[in-house]
Amino acid sequence: MGSGISPLIFLLYSVFVLQYLLTTEGHRKNFEEYVPGMKHDGDWNNHLRLRPSDDGNSGNTLHDHSSLSPMDPELNVFFHHNELKVGSKMLIYFPTKDPSATPHLLSRQEADVIPFSSSQLPYILELFSFPEGSKQAKAMKITLEHCEFPPMKGESKFCATSLESMLDSVRQISGSNSKLRVLTTNYLSESISLLQNYTISEPPTEIFAKKIVACHTLPYPYAVFYCHGQVSDNKLYKVLLAGEDGGRVEAAAICHMDTSHWDPNHVSFRVLKTVPGASPVCHFFPTDNLVWILS
């Protein structure tokens with residue numbers, strides 16, 4: 001032990017690291033159960049990629065949708081703005097996840113001692129005992145690349161590895177004096193079918209906000225949120241949906257009114273049969289996403 005570290009500090013640090021390493025086994029098992037259930041490499045958040053990348057690959061390095069068909073169930077989250085009215089029927093996919101098998105948020109103290117960088121991926125894989133080339137390793141690589149990709153013009157983005165870091169970053173975007181609220185999708189029934197027809201049962205409520213920061217979960221051994229907000233004409237809604245099986249959902253939804261700068265290969269354009277800038281693109285948020293409203 002070096003002469004600059006007191007025995008007490010070294011002992012406390014060793015105990016903390018030991019406690020953390022004991023907890024990583026649980027995170028690893030949850031992640032093993034979480035990732036293999038995904039049918040495609042990019043189906044965890046199909047609406048994340050908005051524009052072509054600067055390296056000429058149209059963004060497919062981060063989210064390759066070439067294997068996705070417009071008929072894939074998980075793509076039934078997109079809709080047209082003119083469908084937001086009472087009586088509209090939509091086929092919607094709302095994923096259900098077992099909380100016990102879903103990666104959990106770490107505290108800032110835990111998250112800050114774990115590297116979170118593509119350059120450190122070999123070490124991270126070793127820490128969580130995932131072999132290179134595994135599905136989990138590929139998912140982690142995509143997540144890190146997505147978090148490191150630069151924001152587009154007028155966009156603010158960050159990845160949060162703890163609730164504390166998320167709140168700090170949201171406050172940096174909104175200003176320290178802004179009032180924060182969070183909007184989520186909530187199931188109002190005990191069980192919800194993965195895919196079924198829903199009818200809008202009440203007039204949708206538009207949520208007015210100076211700024212909107214949407215946070216989406218990304219696949220990782222512990223909870224990671226990709227959060228972004230942009231200076232553009234977005235409209236946020238709360239929509240009450242009645243399922244054909246009797247299930248009810250209070251859904252958060254956003255409509256991107258200007259899509260002129262989006263990636264032409266974005267899967268939403270194929271689903272909605274439109275092109276960038278032609279019409280708004282709307283989508284529902286899954287229950288594990290957070291929408292921060294800044295007023």
Side-chain angles (χ1 to χ4, degrees), residues 42-54 58-60 62-63 65 68 70 72 74-85 88 90-95 146 149-159 170 173-174 181-185 198 200 203-218 225-239 241 251-295:
D43 69 356
W44 36 77
N45 267 304
N46 291 311
H47 53 278
L48 289 181
R49 192 63 164 166
L50 304 182
R51 62 153 186 172
S53 67
D54 297 329
S58 296
N60 291 332
L62 295 185
H63 285 282
H65 298 294
L68 288 172
D72 282 310
E74 61 267 22
L75 296 184
N76 286 279
V77 295
F78 299 104
F79 61 94
H80 293 283
H81 186 248
N82 59 15
E83 294 180 276
L84 272 176
K85 56 187 178 183
S88 284
M90 307 180 196
L91 184 65
I92 308 173
Y93 178 86
F94 282 115
H146 201 100
F149 200 83
M152 65 181 181
K153 185 178 180 179
E155 181 187 41
S156 299
K157 66 177 283 286
F158 62 89
C159 281
V170 169
I173 295 173
S174 64
R181 289 191 296 148
V182 67
L183 182 67
T184 61
T185 290
Y198 287 89
I200 298 180
T205 302
E206 184 172 358
I207 309 295
F208 296 96
K210 292 179 181 178
K211 293 181 181 178
I212 300 169
V213 177
C215 293
H216 316 277
T217 54
L218 293 179
F225 284 85
Y226 168 83
C227 303
H228 65 120
Q230 59 191 104
V231 181
S232 61
D233 189 11
N234 295 323
K235 294 187 177 182
L236 188 63
Y237 296 92
K238 185 166 61 176
V239 186
L241 300 165
I254 193 168
C255 289
H256 303 279
M257 308 306 288
D258 180 11
T259 61
S260 57
H261 299 292
W262 285 28
D263 180 356
N265 294 320
H266 193 278
V267 69
S268 64
F269 296 129
R270 283 193 282 137
V271 174
L272 300 177
K273 296 179 172 59
T274 186
V275 295
S279 62
V281 168
C282 304
H283 65 80
F284 293 105
F285 289 97
T287 55
D288 60 0
N289 284 200
L290 304 173
V291 185
W292 293 96
I293 303 166
L294 321 175
S295 57

Practice task
Look only at the side chain of Lys238 and the backbone of Leu183, and say whether a donor-acceptor pair between them is shorter than 3.5 Å.
Solution key: no
Exercise for the section: Would you check, one step at a time, whether the test side chain to side chain contact (heavy atoms under 4.5 Å, CB included) holds for Leu218 with Phe225? Expected result: CA-CA 6 Å; Leu218 293 179; Phe225 284 85; over 6 Å; no
Handout entry: Set of ring-ring contact (aromatic ring centres under 6.0 Å, His included) partners for Phe79, sequence neighbours left out
Key = Phe284
Handout entry: Lys211: side-chain contact (heavy atoms from CB on, under 4.5 Å) partners, not counting sequence neighbours
Key = Ile173, Leu294
Fill in the blank from the handout: Between Phe285 and His216 the two heavy atoms that sit nearest each other are CE2-CE1, 3.6 Å
Fill in the blank from the handout: In short, Leu241 meets Tyr198 closest at the heavy-atom pair CB-CD2, 3.7 Å
Practice task
Using modelled atom types only, decide if a donor and an acceptor are shared between the side chain of Ser88 and the backbone of Ile200 within a distance under 3.5 Å.
Solution key: no
Completion exercise
When every non-hydrogen atom of Pro276 is compared with those of Thr259, the smallest separation belongs to CB-O, 3.3 Å
Fill in the blank from the handout: Of all heavy-atom pairs linking Thr185 and Thr287, the shortest is O-CG2, 3.4 Å
Fill in the blank from the handout: Shortest non-hydrogen pair, Arg181 vs Phe208, comes out as NH2-O, 4.5 Å
Fill in the blank from the handout: Thr274 meets the side-chain contact (heavy atoms from CB on, under 4.5 Å) criterion, sequence neighbours left out, with Phe269, Leu272, Ala278, Ser279
Exercise for the section: Check the angle between the aromatic planes of Trp262 and His266 and answer parallel, tilted or perpendicular using the 30° and 60° thresholds. Expected result: tilted
Problem - Closest non-hydrogen atom pair, His80 against Cys282 - result: C-SG, 4.1 Å
Practice task
For the residue pair Tyr226 and His146, categorise the inter-ring angle as parallel (less than 30°), tilted (30 to 60°) or perpendicular (more than 60°).
Solution key: perpendicular
Exercise for the section: Look at the side chain of Asp263 and the backbone N and O of Asn265, then say whether any donor-acceptor pair between them is shorter than 3.5 Å. Expected result: yes
Exercise for the section: For the cysteine pair Cys215 and Cys227, state whether the SG atoms are less than 2.5 angstrom apart. Expected result: yes
